[in-house]
2 protein chains.
Amino acid sequence: MVATLHDVAQIAGVSIKTVSNVINDHPHIRPATKQRVLEAIAELDYHPNLSARSLRSGRTGMIGLALPELSLSYFAELADAVIRSAERHGVTVLIEQTGGDRDREIGLLSSPRRQLTDGLIFSPLGLGNDDADFLKVGYPLVLLGERVFGGPTDHVTMRNVDAARAATEHLIRQGRRRIAVVGAHDGEVIGSAGLRLRGYREALDAAGIPFDPALLGFTTLWHRSNGATAMRELLASGVQFDAVFGLNDTLTLGAMRVLQEAGLHIPEDVATIGFDDLDEAQYSLPTLSTIDPGREEIAETAVRILLERINATDPASPPREILADFRVIERESTATHGGAGERMRASAAAGTVGETGASAPARAGVTALS
Amino acid sequence: MVATLHDVAQIAGVSIKTVSNVINDHPHIRPATKQRVLEAIAELDYHPNLSARSLRSGRTGMIGLALPELSLSYFAELADAVIRSAERHGVTVLIEQTGGDRDREIGLLSSPRRQLTDGLIFSPLGLGNDDADFLKVGYPLVLLGERVFGGPTDHVTMRNVDAARAATEHLIRQGRRRIAVVGAHDGEVIGSAGLRLRGYREALDAAGIPFDPALLGFTTLWHRSNGATAMRELLASGVQFDAVFGLNDTLTLGAMRVLQEAGLHIPEDVATIGFDDLDEAQYSLPTLSTIDPGREEIAETAVRILLERINATDPASPPREILADFRVIERESTATHGGAGERMRASAAAGTVGETGASAPARAGVTALS
DNA sequence: CTCGCATAGTACAACGTTGTATGGCAGGCG
DNA sequence: CGCCTGCCATACAACGTTGTACTATGCGAG
C-alpha cells in the first residue's frame, strides 16, 4: 500500500497538515519538527498523490501540446524540444495529435482532456485566421505557427519573412539569379508558404532580380513526395534555374532526389536551400543548407510564457507576439567555389556532421512586439 | 464556473449520486429520471472532473509510453501509432523520453509520474537482460523491444530473426550471394542487431552461402551517419559485395548515399534492403525495400494487452510474449530484372508512392507463445 | 500584569467523485 | 394482514490533499 500524509504524520507524531506544510515549504516550522517529518517521509518513501493534489489545487502540473502529427519530422523534433524544456521547468507534457484537421483542432480546444492540463501549446494546421475566435478559451493558451495572427492569445513563431529573405539572399550572394521555389501555395498570404514566399520576393526585389512566376513550384502538402513532384513539373516545364529554395527541408530533400535523378549536380548545377534544419538535413548527400528557425528557442519560449500565464496572479495582460531568432546554416548544397565536391567528400569521409561554412549572423533576437 | 454533479443534481431535482449513476450507466434508473438528468447535463454542458474521478477510483485513464527519443523516426512513428490506438480505446497517452539512458529508464519505472498513468508501455534501450528485476513493478507494464527477454512482464515485439532471414532470403532469391550487413554489433546476442544478424546467418546457411565476417559493417548507433560511415569502411576495405542488408532503414539510407556517391547503381550493382518500413523509405531514390515489422500491430497489441492487465480483476496471470507479424516490402532497391530503372522513373514520374513489387506473404500472425 | 505580536502547530472543511449502506415503495406470496 | 423481494433513489463517508480559521506558547513592550 502506498503511503499517505496520514501515515507520515503518524510516524512523525504531528498532524497531517504539518506534514503538508513541510512538503510545501511553508514558513513557521521548527527545524526539529521539519527534520522528523522529512525522516518519516524518507522512511515510508512517501510521494504526494497527484490526483488529490490537483483536485484540491486545481492544478495538474501538465501542459498540453497539440500538433498535427508526430510522424512529420518537424513536429517530432518540436515535441522532443517541448518535452525537454517542460522537464526543465518541472512540468509534464501531454501530446495530442490533430492530423491537421480543422474540426479536430477546434474540438480539442474544448475537450474534457483540457482538464488534465493547466494550459496548452497549440500548433494548428487546419485553422485559419478567421477562426481566431475559437482561441478565446478559459485557460492559458500559447499559439505556434503561422495559421492565425492577431489572435487573443500569446503567439510564438519564427521570422518567416526575414528568414526566407536571408535564405534567398544567401543564394543570390552565391551568384544565383534564377531561383526556383518549391512548396508555394497559390494566393496564400499568411501561413508558412505565404510568408516565406514574401521573403523570397523581397530578396529578389532588393537585388533587382525580376520575379518570374514560372519559377514557382506549387504543392499543398509538404511531404517529401510533394517536393519531388513539384520539381518534376518544374523540370518538365523547361524553365531554367540555377538554384532552388525549398519552403521546408522535407520538400527540398524530395526535390533534390529528382534533380540528381535528372543528372544535375548539387550545388554545381543547382544550389539548394531548405527551411527547418531537420536532423536529416545534416546527413543528406550533399548536406542541405537550410534555415534554423529557432525551433529549440520556440519550444523553450512557448513553455516559459505558458507557465508565466499559468502562474500569473494578476488578470490577463495583453497577448504577446514573440519571434524566435533564426540562422542561415550553410552546408554543401550551397557551397560556392570550386572544390565543393572535394569538400563534400572530405567531410563525408570523416563521418562528420554539420555546418560546412560559417553561419550568417542572427538577424534578430527574441523580441516582444507588443 | 464549471458545472459539477451538484449543479446537475439541483437542476434535475435528484441527488448527486443519481446523476453519478446515470453517467456511469448503473442499473435501476427510471427512464424518466434518466431523461431529466441527461437534459440537465446537456443544459450545463457538464463534464466529470477527471481529477476527482481518479482520486476516488484510483484510475487516471492515461497510459505512459516511455521511449528513447521522439526525434528518431522509428519512435516518432511508433508513438503516433500508440496514440492513435489508445484513442480508439478511449485512453490518453503520456510520453516520456529516456534518451536511451539506463539510469533514466530505471528511474522512470518508479517515478512519481507513474501515478498519473494506469500502466506503462516501455521501450528500453539502455536496459540489458540483467536488469529484468527492475521490471518487477506494482503496476501493469508492457515491454517493447529486444533489450530484455524472459522478464516478469508482458512483452510485445517483432520477429527479428525470422524477418531478417526473410530479408536476406529475398536478396538471395534475386541472385545475390555477397550480402554485406550494415549496423552489426560485435558479440551481441540479443538486442535488435544480434537477433537480426542471426536471421541473416540462418538465411546464408540455408542457401549454402558461406558466412564472411569481412562483409559485416559494425556501428553501435543506428543513425543515418553511422550507416554512411560503415559503408565507407566496407568500400575502403575492398571487400566485394552485390547487396546490402541494413539492420534498419535509417542506417540503410545512409549507406545508400555512400554507394551512390561512389558511383554504384542501386539495385543494378548493389541491391539494398532495410528494416522498419519508415515513411521515408517510400520516398527515397530508389525507394527502399524493407521489412514492415508490424509497427502498427505492435502498437495496437501493446495497448490492448496493457488495458487487459489494467482491467483484469483476477490476480496476475503469467507474462505473455507476443510477436507481431512482419512483411517483406519489395521496392525499387531490390527490383530484379532489367527495366528497374524504367520502373523507378515511371513510378517516380507519376508521383506515386509505395510498393513496386508484391509483398511476400506474412510468415506468422500474432501469436502468444506462453 | 496585561496586551500585542510573532511563531508553531492543529482541527475542520472542502475540492468532486463514487462505493456502501440504507430507506421508501410497490407488488407477490404465505 | 404481515413479510419478503425487487426496484429506485438517497445519505453518508471516503479518496488524499490543502486553505482557512483557530489554539497555544513564548516574548518584549507598555
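Each chain gets a letter, A, B and so on, in the order its sequence line appears, and its residues count up from 1.
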Visitor: How about R309(A) and S317(A): does a side-chain donor come under 3.5 Å of a side-chain acceptor?
Guide: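 Yes, a side-chain donor-acceptor pair sits under 3.5 Å.
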
Visitor: Roughly how many Å is it from CD in Q10(B) to P in dT10(D), rounded to a whole number?
Guide: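 The distance from CD of Q10(B) to P of dT10(D) comes to 13 Å, rounded to the nearest Å.
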
Visitor: Let me test you: for the helix from dC1(C)-dG30(D) to dG30(C)-dC1(D), what is the angle between the axes at its two ends (five pairs each), rounded to 10 degrees?
Guide: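 One end axis against the other gives 70°.
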
Visitor: For G294(A) versus A324(A), what's the shortest heavy-atom pair and its separation?
Guide: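 In terms of heavy atoms, the two residues are closest at O-CB, 4.0 Å.
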
Visitor: With sequence neighbours left out, write down each residue that passes side chain to side chain contact (heavy atoms under 4.5 Å, CB included) with R30(B), or none if nothing qualifies.
Guide: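 Partners of R30(B) under the side chain to side chain contact (heavy atoms under 4.5 Å, CB included) test: T33(B).
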
Visitor: Pairing donors with acceptors under 3.5 angstrom, does anything connect the side chains of R59(B) and N311(B)?
Guide: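 Side chains of R59(B) and N311(B): pair found under 3.5 Å.
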
Visitor: Taking OP1 and OP2 of dG9(C), is either one under 4.0 Å from a side-chain nitrogen or oxygen of S15(A)?
Guide: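 Checking S15(A) against dG9(C): no side-chain N or O falls below 4.0 Å of OP1 or OP2.
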
Visitor: Return the value, rounded to whole Å, for the distance between atom CZ of R30(B) and atom C1' of dT10(D).
Guide: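 Computing the R30(B):CZ to dT10(D):C1' distance gives 13 Å.
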
Visitor: Just to verify, what does R102(A) make a salt bridge (Lys or Arg N to Asp or Glu O under 4.0 Å) with, not counting sequence neighbours?
Guide: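 Per chain and number, R102(A) pairs via salt bridge (Lys or Arg N to Asp or Glu O under 4.0 Å) with D131(A).
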
Visitor: With rounding to the nearest 0.5 Å, note down the distance linking CG in L141(A) to CZ in F122(A).
Guide: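 One finds 7.5 Å between CG of L141(A) and CZ of F122(A).
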
Visitor: In residues 33-42 of chain B, which ones come under 4.0 Å of DNA chain D, going by heavy atoms?
Guide: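 Per residue number, the list reads T33(B).
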
Visitor: Can you tell me which residue among N24(A), I11(A), V14(A) is in a side chain to side chain contact (heavy atoms under 4.5 Å, CB included) with V19(A)?
Guide: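 Among N24(A), I11(A), V14(A), the one that satisfies the side chain to side chain contact (heavy atoms under 4.5 Å, CB included) with V19(A) is V14(A).
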
Visitor: Between the side chains of E146(A) and T157(A), does any donor sit under 3.5 Å from an acceptor?
Guide: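 Their side chains do contain a donor-acceptor pair, which is all the 3.5 Å distance test asks for.
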
Visitor: Applying side chain to side chain contact (heavy atoms under 4.5 Å, CB included) between R320(A) and each of V156(A), D154(A), T301(A), report the one that passes.
Guide: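 Running side chain to side chain contact (heavy atoms under 4.5 Å, CB included) over V156(A), D154(A), T301(A) with R320(A) returns exactly one hit, D154(A).
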
Visitor: Got a sec, which residues hit salt bridge (Lys or Arg N to Asp or Glu O under 4.0 Å) with D25(A), two or more places apart in sequence or on another chain?
Guide: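 Salt bridge (Lys or Arg N to Asp or Glu O under 4.0 Å) check on D25(A) returns K34(A).
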
Visitor: Reading nucleotides 16-25 of chain D 5' to 3', which nucleotides get B (base under 4.0 Å from a protein heavy atom), which S (sugar-phosphate only), which -?
Guide: BBBBB-----

